[in-house]
Every structure is written in structure tokens, then in C-alpha cells.
Student: 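Okay, handing you the structure first.
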Amino acid sequence: VRVVKAFHELYVLASGLLEACKAILCVSLLCLVMLYVCSVGLVRTVGRLPENVPHAAFLHERFGDVGTSMISLFLLLISNDLPKYVEEQGLIWQYPFLTFFLIAFLVIGSLGLTAVLTGVITESMFEKNQSRIAEQRFEQDEQLRRIELESIEIFGALLQDDIGGGGVAREDVLSKGIPEVAKLFDKHLVAYSPHQLNQLV
């Protein structure tokens, strides 16, 4: 616990990195499912055209099977491979549905997934922060309760030393109580100064 408190900022960074990795994994699985579904649709529509159809070889090269189609869509997503389709003369005009699909896929895939990833990471970090705040509040309450109980024990020990019943002198508190309170604060990592400690008397 002391190590965590001493390196609190490092703990927050490590926790945030872990949450980001979880979010990236979820978005990657979503992207994989999207690539697979889109690839199946492309293979069935333009990937297996007859050889006498214009641009059939070009489309078969990229969308001939599901695996090749997923790779082609992935390259389109990460490297903006769209100019190759434009350079294939007449392709974008002869297959307007394919052109619309590729543009929509590029926009949704690049901007949409980025927005989803950012939103998931932000939401997970917010939930983690809220739970961490609640945990810290609980730990602080428990620490205060323990300090209060141990302080009562220290004061009770001073009263037991008051054999004559005349009350505990300030000098006794300064000589016996203050060192015990200082040990108590050190035990629970409570920051204090000697002046603040004397004001407690």
C-alpha cells in the first residue's frame, strides 16, 4: 500500500494504460467483425464476376475470397488505398454501389472507429476514476477511524498515569503524549509539522 501511495501518479498511468488496452481490444474485435461482414458481401457481389465483365480481374484480385477481401479493406482503412480504384478507368462509374460502399467504409472505418475508441477509453477512464475516488474515500474514512481509536488509547494511557486524580498536566502531555501521537501519524503516513503537533494539545 505504501508503494502505491508513494508512486500514485505511476499507478494512475499504469491503470489508464490497462484500461486503454482493454478498449483497444474491444474496438479491434468490432473492426474484425465489420471487416468480415463487409468482405462476405463484397465477395458475393463483385468478387466472383465472369471473366468477360469489365474490371473482373481487378475486382477478383482484391475481393476474390473472404481473406483477400478482408486484407484489401484493411489496407484501404489504414493506408487510404482508394486512389488505386480511381486509377482503374471506368470502375467507379460502372460500379457506383461499390464506389459508395468504399467511401462509406473509409469514412466510418477511419473516423467512426476512432470516435468509438476515444469514447470507450474516456468512459472507462471516467468509471475507473469514479471507483477510485470512492475507494480512496473509503480508505480515508477507515484511516480516520483507526487514528481516532488509537488516539483514544493514547489518551486513556495518560489518564491511567494520573494516579492522584488531579488531571493530566500539559507537561505530561508534551513529554508522553506528543511522541506517541507523532508515532501514530508516522504509522498512518499523515503529514504534519511540530508546530501543528503542539497545537493539538
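All values reported here derive from a predicted model rather than from experimental measurement. Nothing fancy with the numbering, it's 1 onward along the sequence.
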Student: Taking all non-hydrogen atoms of both residues, which atom of R62 and which atom of S72 are closest, and how far apart?
Tutor: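 Residues R62 and S72, closest heavy atoms: O-OG, 2.9 Å.
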
Student: Sequence neighbours excluded, which residues qualify as salt bridge (Lys or Arg N to Asp or Glu O under 4.0 Å) partners of R137?
Tutor: none

Student: Would you please name every residue forming a ring-ring contact (aromatic ring centres under 6.0 Å, His included) with F58, sequence neighbours left out?
Tutor: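 Result, ring-ring contact (aromatic ring centres under 6.0 Å, His included) vs F58: Y85.
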
Student: With a sphere of 6.0 Å drawn around CD of Q89, does it hold more than 12 non-hydrogen atoms of other residues, nucleotides or ligands?
Tutor: no

Student: Identify each donor-acceptor pair in which a side-chain atom of residues 34-47 lies under 3.5 Å from a protein atom, sequence neighbours left out, and give them as a table.
Tutor:
| unit_1 | atom_1 | unit_2 | atom_2 | d |
| --- | --- | --- | --- | --- |
| S39 | OG | L35 | O | 2.6 |
| S39 | OG | S69 | OG | 3.4 |
| S39 | OG | M70 | N | 3.1 |
| T45 | OG1 | G41 | O | 2.8 |
| T45 | OG1 | L42 | O | 3.3 |

Student: Looking at NE2 of H55 and CD of E88, how far apart are the two atoms once the value is rounded to the nearest 0.5 Å?
Tutor: 5.5 Å

Student: Got a second to check how far L59's CG is from L98's CG, nearest 0.5 Å?
Tutor: 6.0 Å

Student: May I ask whether L76 and L30 are part of the same hydrophobic cluster, defined by side-chain heavy atoms of I, L, V, M, F, W, Y residues being less than 4.5 angstrom apart, directly or through others?
Tutor: yes

Student: E51: which residues meet the salt bridge (Lys or Arg N to Asp or Glu O under 4.0 Å) condition with it, sequence neighbours left out?
Tutor: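 Partners of E51 by the salt bridge (Lys or Arg N to Asp or Glu O under 4.0 Å) criterion come out as none, since no residue qualifies.
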
Student: Per the side-chain contact (heavy atoms from CB on, under 4.5 Å) rule, which among I71, L77, L73 passes with L75?
Tutor: I71

Student: What is the distance from atom CZ of F63 to atom CG of L49, rounded to the nearest 0.5 Å?
Tutor: 11.0 Å

Student: Between I103 and F100, is there a shared hydrophobic cluster once you connect ILVMFWY residues whose side-chain heavy atoms come closer than 4.5 Å?
Tutor: no

Student: Using the rule that two of Ile, Leu, Val, Met, Phe, Trp, Tyr join whenever any of their side-chain heavy atoms come within less than 4.5 Å, decide whether L91 and V86 are in one cluster.
Tutor: no

Student: So, using side chain to side chain donor-acceptor pair (under 3.5 Å) as the criterion, who are the partners of E61 when residues are at least two apart?
Tutor: none

Student: Counting heavy atoms not belonging to R146, are there more than 12 under 6.0 Å from its CZ?
Tutor: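 Yes, enclosed.
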
Student: Identify whether I108 and L32 are in the same connected component of the hydrophobic contact network (ILVMFWY, side-chain heavy atoms under 4.5 Å).
Tutor: no

Student: For E87, which residues count as a side chain to side chain donor-acceptor pair (under 3.5 Å) partner, sequence neighbours excluded?
Tutor: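 E87: no side chain to side chain donor-acceptor pair (under 3.5 Å) contacts found.
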
Student: Could you measure the distance from the CG atom of L102 to the OH atom of Y95? Nearest 0.5 Å is fine.
Tutor: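 Answer rounded to 0.5 Å: 13.0 Å.
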
